[in-house]
Amino acid sequence: MKKIVLLLSIIAFTACQKKENTTKHEIVKDSHSFSNPTEAVVKHLDLDIKVDFDTQTISGKASWLIENTSKGNEIIFDENTLNITKVTLGDDEKETKFELGKEIEFHGKPLHITIESNTTKVNIYYNTTKESIALQWLKPEQTADKKKPFVFSQGESIWSRTWIPCQDSPGVRFTYNAKVIVPKDLMAVMSAVNPKQKNETGIYTFKQEKAIPSYLMAIAVGDVEFKSIDNRTGVYAEHTVINKAKWEFENLGKMVNAAEKLFGPYQWGRYDVIVLPPSFPYGGMENPNLTFLTPTVLAGDRSLTSLLAHELGHSWSGNLVTNATWDDIWLNEGFTTYVEHRIGEEVFGVKEAKMQDVLSRKVLKTNLDEIGKDSPDSRLKVDTSGRNPDDGLSEIPYEKGYAFLQTVEAAVGRKKFDEFLTNYFKAHAFQSITTEDFVEYFNENLINGNKALADKIKLDQWIYKPGIPSNITIPVSEDFNSIDNIQKTWRKTGVKGLSQKIKSTNEKQHFIDYLPNDLTTEEMMEIDKEFNFTNRGNFVVRRQWFIQAIQHQYKDAYPAIELFLTSYSRTGSLLPLYKEMIKTPEGKAWAKQIYTKAKATYHATTIQAIEPLLK
């Protein structure tokens, strides 16, 4: 793989933190962007585009307001698989020279644009191509309603450059306005202030007044409707899904209120969600104002809505305070996982929170066992230079980051830690920071010269060393302890009646995860008869059950497993099944057969994750 050596200089900003309670941070090098923001940086985008389902392209003009801080004659953008047709400068649209540089795997090409020392506006005319990883175009039969086409974007981590020419680094923030033309029978929504209903013109305008990084640029176009949940939350979905989604997300407003109570005001105005078609590759994506969600969260019993707490949490950690580079992603995901658990405890109770903590530790252990406790990717601060940054993303930044913050909470007390986090979010609001920025703030505002406290927390071990430090907190759930006792006896007493004792999603998952390794086919059948995991469990329960079914070659579940793998493109949930299947020659052949059938419906990022396994 080709190495990327893109060293960006540093811009220094200063501010008095004691007076303003805010700190301006430097723009740092980002090995995953060709841009030169220390010399010329974007500040605002006016996007004027047309969405064409016949050609499956987006075309139009990206007009960038820029700061040419160096007074130089060039600004560099990121682009990948775009067709750049013309570039002009200023409101009078004086045509200028542009040149595409050498292509680098995953990263596309640098777009060099000639500017003048006083240039403040650059207009880039372009269209997307069918190679755009960020955009997934769906035929009507691939949607819930099966009547109209659909398209949605997924920009994280470096894919926004495949649908908009931009300075595609999380360290570069900008505001934006957009005009979007779509077919008149469809509606457009974006990561901005959104319309509540379809209009007759097919022309929609958007405004995002808060400065965001490029990976949070998002668009979805389809035959969707909106229903309000409360005065600042609501849901978008297709007609056959909208009522179910509104019912499922009834607690959304309570979650926002709980988060504000814990960590300060929600600063994005509205918090709405959109339920996308099954090919959406993630559980959720925290696009500002409008979280994109997988339909797999619609369990019919509100048992999986804790996912919303995570995406909502990003409104503080990720969107408000953002990792400056993808090597710092734990600042987004670790903090958000902590916030997610705290929101969950506030809304769903302490017993639920304790169960979630135990499940969290299991995920961390499983991931460490897989990548190796000495792997450099088991550090919180990672090094993804020369790689697709998605390759460095595992459960480590989520779960190890969460465990670290729990360790800090245990060391200083919840009240003091909550005050620290609230001030941290306030001090760095609408900024992108590095791990080192966080460490400096942490040492100044929490450790404050207390060596005994620093030794107790072991910050450097957590952040810069592989594996898990010895001071990790060990969560305990009394409910799970009861299930552990059941595991010791059910083989003697039988499974009849267990479904009345093991009821919640967390309880079922824990029971499934710790079933004996030497389960027989007959025992699998008995358990399935009692719980009907194969056909009636929610998405998470079935996923965990199917892992056991593959391990124990429980063939009664194979048709359901195949349907599961061909019905969704939720990467993180499909991967464990494929990884289990390929452990045997027969399983690998089966996996290849299913993948061949499902590939056309999978998202590009799902394909990138699964295809190397099968080769």
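Bear in mind that the values here come from a model prediction, so they are computed numbers and not experimental data.
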Legend entry - Side-chain donor-acceptor contact under 3.5 Å, N123 with T88: yes
Legend entry - Set of side chain to side chain contact (heavy atoms under 4.5 Å, CB included) partners for T435, sequence neighbours left out: D328, W330, L331, K381, V439, I463, Y464
Legend entry - Any residue meeting side chain to side chain contact (heavy atoms under 4.5 Å, CB included) with R232, in chain and number order, not counting sequence neighbours: D230, V256, N257, E260, Y266
Legend entry - Residues in salt bridge (charged side-chain N to carboxylate O under 4.0 Å, His left out) contact with E131, at least two apart in sequence or another chain: none
Legend entry - Non-neighbouring partners of K246 that pass salt bridge (charged side-chain N to carboxylate O under 4.0 Å, His left out), sequence neighbours left out: none
Inset, instruction - Assess the pair F430 and W268: is the distance between their ring centroids shorter than 6.0 Å? - result: yes
Legend entry - From CA spacing to verdict: side-chain contact (heavy atoms from CB on, under 4.5 Å), T605, I133: CA-CA 7 Å; T605 55; I133 288 179; 4.3 Å; yes
Inset, instruction - Flag the pair D223 and K198 as a salt bridge only when some basic side-chain nitrogen lies within less than 4.0 angstrom of an acidic carboxylate oxygen. - result: yes
Legend entry - Neighbour count above 12 (heavy atom, 6.0 Å) for E209 CD: no
Inset, instruction - Give a yes or no on this: more than 12 heavy atoms of other residues, nucleotides or ligands lie within 6.0 Å of atom NZ of K196. - result: yes
Legend entry - Pairwise distance CG(D383) to OG(S31) - rounded to 0.5 angstrom: 7.0 Å
For residues 275-287, tabulate all N or O donor-acceptor pairs below 3.5 Å that involve a side-chain atom, not counting sequence neighbours.
{"unit_1": "S279", "atom_1": "OG", "unit_2": "Q136", "atom_2": "OE1", "d": "3.1"}

Inset, instruction - State which residues pass ring-ring contact (aromatic ring centres under 6.0 Å, His included) with Y215; sequence neighbours excluded, sorted by chain then number. - result: W326
Legend entry - Among L111, I164, D168, the one residue meeting side-chain contact (heavy atoms from CB on, under 4.5 Å) with F77: L111
